[in-house]
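The next block holds one structure in the form of structure tokens; read it before the comments.
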Amino acid sequence: MRNHSSLLRTCWVIVATLCLLADSNCSIAADALDRLDLDKLRQLKVAVETLKTDRQPVTRTSEFTDYRACLHVHSFLSHDSNGTVEEIVKAAKEVGVRVLMFTNHPAVDYDFFTDGHRGLVDGVLLIPGAETTGLLSFPTASVKDKLGSEPQAFVDAVQPNGGMSFLCHLEERMDWELTGLTGSEIYNTHADFKDEARFIRVLRDPLALMLKLGPALREYPQGVFAALQNYPADYLKKWDAMCAIKPHTGVSANDAHHNQGLKATIEEDGNLRIDDGLGEKVALIDPEKLPLIKPLLLGKKAGDVVFDLDLDPYARSLHHVSTHLLMKDLTEANVREALQNGRAYVAFDWIADPTGFLFQLETDGNNYEMGSELPFISGMTLHAAAPLPGSFRLIRNGVEVARDLGRSGEFPVQEPGIYRVEIWLNLEGEPRIWILSNPIYIREPESK
Ligand SMILES: [Zn+2]
């Protein structure tokens with residue numbers, strides 16, 4: 001997450017904050033704004049509630065249990081978060097997250113591995129890691145002396161004994177080609193700041209936005225958070241290309257900090273003091289010089305809070321999206337094994353609980369999970385199923401090749417390829433991406 005203090009000088013701070021919540025594909029800024037309409041947010045909430053009643057369990061033949069994991073989580077160890085372990089674990093429990101993979105920004109005064117958060121805390125498994133050098137890194141020993149290395153050297157240092165590296169913030173490094181990566185982020189909640197200018201052009205009236213965002217946040221906090229979620233097409237394109245070279249696990253990145261918020265308080269001298277989500281003063285506004293904000297101050301006195309917008313408490317960012325891991329039980333070794341073998345899928349949990357989602361290859365009477373690699377033979381079938389009816393899209397080598405509507409999809413395999421599945425749900429007439437599977441790799445048969 002970038003340093004944004006220079007932007008926060010006027011009421012435009014609201015706009016900037018919204019942009020920070022934007023995902024990689026927020027080029028359809030008007031859509032995101034449309035989604036903040038109170039009526040639409042209410043309808044969306046009703047639609048999400050209705051989905052809960054439509055759920056039917058999936059019967060899956062598998063030895064694995066579905067555990068919800070959040071990668072890319074920051075705590076107080078990072079300069080840009082105040083989150084305590086207690087606060088974050090409590091939030092995880094609230095939304096059913098069982099694995100928290102921390103990615104703190106390294107600093108000279110601590111070792112992210114040895115001083116990091118780890119172990120089972122109140123039923124939630126913590127794994128220490130770092131966001132550094134364009135990577136999410138989860139080593140199995142301290143790599144403090146390797147911090148600052150070139151990316152490839154850092155990946156090599158992290159890798160021994162089950163260490164993992166994921167490419168992060170892909171939008172900044174579309175041309176990177178590293179070896180030894182475990183995978184990549186295929187969605188990052190805070191990914192794109194590039195479209196800020198477009199947002200600012202669209203949002204001509206910050207006061208109206210403030211007045212609108214306040215009630216919307218109070219009533220529909222998760223819907224507001226999700227307003228900027230779009231299909232991460234650029235990320236997926238890069239990911240498909242990397243999978244073509246070598247199996248490469250796709251994960252989602254919550255980029256959870258709990259640092260996006262704005263609080264406005266009236267000072268003794270009548271000025272309006274604006275604090276950011278970390279409680280730091282970012283602006284002092286003289287209402288006489290900015291008449292636009294005067295209506296907000298009507299009937300208020302010194303000491304009163306004019307607005308308090310908390311955009312990203314942990315429970316909200318952890319509920320937005322997660323990486324579901326298929327594991328026998330909850331241990332760090334199993335987390336690493338599942339991620340290294342691609343037995344995982346990404347789901348936007350805020351829409352609906354995807355637990356039970358299945359994407360398997362059936363061949364010769366056996367079922368193989370996501371991440372499996374097999375040589376092509378005739379008679380292979382790919383099965384997908386989910387607890388809700390949706391649009392199942394089968395992607396082969398980055399291109400959609402088949403589509404099925406319903407609670408499941410069945411796709412005979414005609415040729416080798418790298419196959420993955422996307423499930424889309426219709427929410428109030430708008431198709432939204434819900435589930436992104438990891439691929440099953442069907443290789444050319446060995447020549448005889
Ligand atoms: Zn981050």
Side-chain angles (χ1 to χ4, degrees), residues 1-5 7 16-26 69-85 87-88 91-92 97 99-107 110 112-113 115-117 126-139 143 147-148 151 154-155 158 164-174 176 181-194 196 225 228-229 232 234-235 238 250-261 276-278 280 311-323 339 346:
M1 178 75 89
R2 298 140 192 83
N3 182 334
H4 53 275
S5 59
L7 289 169
T17 304
L18 261 177
C19 288
L20 279 169
L21 279 171
D23 73 13
S24 68
N25 232 22
C26 76
C70 287
L71 287 89
H72 204 148
V73 179
H74 295 267
S75 74
F76 66 91
L77 289 174
S78 292
H79 64 272
D80 52 3
S81 171
N82 289 332
T84 62
V85 169
E87 175 189 2
I88 305 169
V97 168
V99 183
L100 289 168
M101 300 184 71
F102 285 92
T103 50
N104 282 305
H105 302 294
Y110 82 103
F112 77 81
F113 179 79
D115 302 326
H117 318 304
L126 316 185
I127 298 175
E131 176 182 13
T132 184
T133 330
L135 301 158
L136 304 182
S137 300
F138 304 99
V143 287
L147 286 169
F154 197 67
V155 171
V158 166
M164 300 186 292
S165 298
F166 298 87
L167 209 52
C168 78
H169 286 292
L170 258 60
E171 73 280 7
E172 292 170 14
R173 39 194 70 89
M174 284 292 177
W176 282 29
L181 290 172
T182 314
S184 285
E185 293 181 350
I186 57 172
Y187 175 82
N188 181 307
T189 305
H190 288 172
D192 204 356
F193 201 43
K194 291 193 290 278
E196 174 208 339
F225 195 93
L228 294 135
Q229 180 218 321
D234 293 351
Y235 272 44
K238 164 87 173 159
V251 298
S252 60
N254 297 78
D255 216 348
H257 292 77
H258 193 194
N259 66 354
Q260 296 303 310
D276 69 10
L278 295 172
E280 307 251 342
L311 289 159
D312 67 337
Y314 283 102
R316 205 172 299 157
S317 55
L318 300 183
H319 186 49
H320 181 65
V321 69
S322 73
T323 306
L339 283 167
V346 166

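Just follow the structure's listing: the first ligand is 1, and inside any ligand the first atom is 1. It should be emphasised that the depicted structure is a prediction, and the values quoted were computed from it without experimental measurement.
Looking only at its N/O/S atoms, His72 has NE2 as the one nearest to the Zn ion (ligand 1). The nearest N/O/S atom of Glu131 to the Zn ion (ligand 1) is OE1. Asp255 contributes atom OD1 as its closest N/O/S atom to the Zn ion (ligand 1).
Residues forming a ring-ring contact (aromatic ring centres under 6.0 Å, His included) with Phe112 (at least two apart in sequence, or on another chain): none. Applying the side-chain contact (heavy atoms from CB on, under 4.5 Å) criterion to Thr182, with sequence neighbours excluded, gives Met164, Phe166, Gln340.
Annotation: side chain of Tyr187 is in contact with side chain of His320 (closest heavy-atom distance under 4.5 Å).
For residue His74, an N/O/S atom approaches the Zn ion (ligand 1) to within less than 2.8 Å.
Ring geometry for His257 against His74 counts as parallel: the plane angle stays under 30°, on a 0 to 90° scale with 60° as the upper cut.
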